[in-house]
Amino acid sequence: MVNNDDVARTLQRIGDLLEIREENAFKVRAYKLAATQVENLGESLTDIAAREEGLLGVAGFGPAIAEKVAELLRTGRLDYLEKLEAEVPPTLLSIRELPGVGPRTAALIWHEAGITTIEELDAAARSGGLDGLPRLGARSIERIVTALDARKERGAHRRRPRAEVAPLATVLRDAVRDIPSVIAAEVAGSFRRSREMLGDIDIVAATSQPVRVLTAFAALPQVERVLLRGDTKCSIEAAQGFQVDCRAVAGDQFGAALQYFTGSQAHNVRLRGRAVRMGLLLNEYGVFRTDGGERIAGESEHGVYEVLGLRWIPPERREDRGEIDAAVIRSVGEAIDHPVGSEV
DNA sequence: TTAGTATT
DNA sequence: CATAATACTAAA
């Protein structure tokens, strides 16, 4: 019996394999978007397939994907995926999962060094087998070796249950609040959205001295390894290789940064799309008018949603399941300026 | 400066 | 035609 999660994983897998094959980016995006839509679906695909409208009624599904999902539900197999896996070795997906290795690097390692498995990569990286590849210098190879070591320590799995990492999240948030010049700090990301499985922890800090705060963050006792540190953000690994990101912003940008860092990605993309249609630009620093660049929100998260004509949306609901449409404020003035439906 | 990867 | 925007690092 094929369930929604199986379908979502399969669609994601197709997207990843197509990406390594350097397939048309819009096709790749279509498969990944369809995977996300299935993840967020409240109803069984098997039930949907049995109805009149069928799978074409699912958001993100066109004829090609609908037909493939139908085959998967019916037979438990997918001919297209099997052919694709015969062409692009699926073991490359594990290589692609290493931090710092994306689809282009995975394809390069495959084509130029003939490597398809983690084991082959490990041997080659340590014995000079990757030397001389274009766009892959000594530092990149060293980073791959480090990533392989980390993978051996903690295994392939990345996500952890909320209860397991919640203490770390609050301890680090409080530690950031104690750094001099920090005005406010909150845990954002999937933690703030109350998700059960967490891939990392995201902390937003308001300060007038971002570099100082990020330097202090990188020096906290819970930090085992600094992955990167710039002027606005710092990524570290805590115990068991669990990643924690800290973003430092000015006090009047805190609301926009909290909104951005809370996500979800799909929610942010939809929100920014709405902003564009309203002649606005939304980023992690605020909301700006497209003409003139005047900033009209950013200090508070409520303000960000407000200038976009929306009620504030609780973090748990920011998953692109229709919450933005449901939050639209249709005042008289707005109804004249933007008649219902005109912004969609 | 650009390509690749990463983040929500 | 195709849903946004920005940061960091290494390589060229």
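Worth saying up front: this structure is predicted, and the values here are computed from it rather than measured.
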request  = Could you check whether A:Ser235 gets within reach of a base, just the sugar-phosphate, or nothing at all, counting any heavy atom under 4.0 Å?
outcome  = nothing

ask   = So what does A:Phe26 touch, heavy atoms closer than 4.0 Å: a base, only the sugar-phosphate, or nothing?
value = base

task = Summarise protein proximity over nucleotides 5-12 of chain C in one line of letters, 5' to 3': B for base, S for sugar-phosphate only, - for none, counting protein heavy atoms closer than 4.0 Å.
result = BSSSSSSS

ask   = So what does A:Leu98 touch, heavy atoms closer than 4.0 Å: a base, only the sugar-phosphate, or nothing?
value = sugar-phosphate

request  = Run the numbers on A:Ser181 and A:Thr207 for side chain to side chain donor-acceptor pair (under 3.5 Å), then give the verdict.
outcome  = CA-CA 6 Å; A:Ser181 86; A:Thr207 176; 2.8 Å; yes

note = 5'-most to 3'-most nt of DNA chain B touching chain A (<4.0 Å, heavy-atom partner on protein side) reads B:dA3 to B:dT8

inquiry  = Any base atoms under 4.0 Å from A:Thr262, or only sugar-phosphate, or nothing? Heavy atoms, all strands.
reply    = sugar-phosphate

ask   = Could A:Arg162 and A:Glu196 be called an ion pair, given the rule that one side-chain N must be under 4.0 Å from one carboxylate O?
value = no

query = Say you draw a straight line from CD of A:Glu19 to CG of A:Asn24; how long is it, rounded to the nearest 0.5 Å?
reply = 11.5 Å

message = Within the 4.0 Å heavy-atom criterion, would you say A:Gln243 contacts the bases, only the backbone, or no part of the nucleic acid?
response = sugar-phosphate

message = Has A:Thr290 got a side-chain atom pairing as donor or acceptor with A:Leu280's backbone, closer than 3.5 angstrom?
response = yes

ask   = Do A:Arg318 and A:Ser264 get their side chains close enough for a donor-acceptor pair, meaning under 3.5 Å?
value = no

message = When you compare the side chain of A:Asn283 with that of A:Tyr260, does any pair of heavy atoms fall below 4.5 Å?
response = no

query = How long is the span from the NE2 atom in A:His302 to the CD atom in A:Gln259, to the nearest 0.5 Å?
reply = 12.5 Å

remark   = Exactly one of A:Glu319, A:Glu316, A:Glu39 clears salt bridge (charged side-chain N to carboxylate O under 4.0 Å, His left out) with A:Arg195, and that residue is A:Glu319

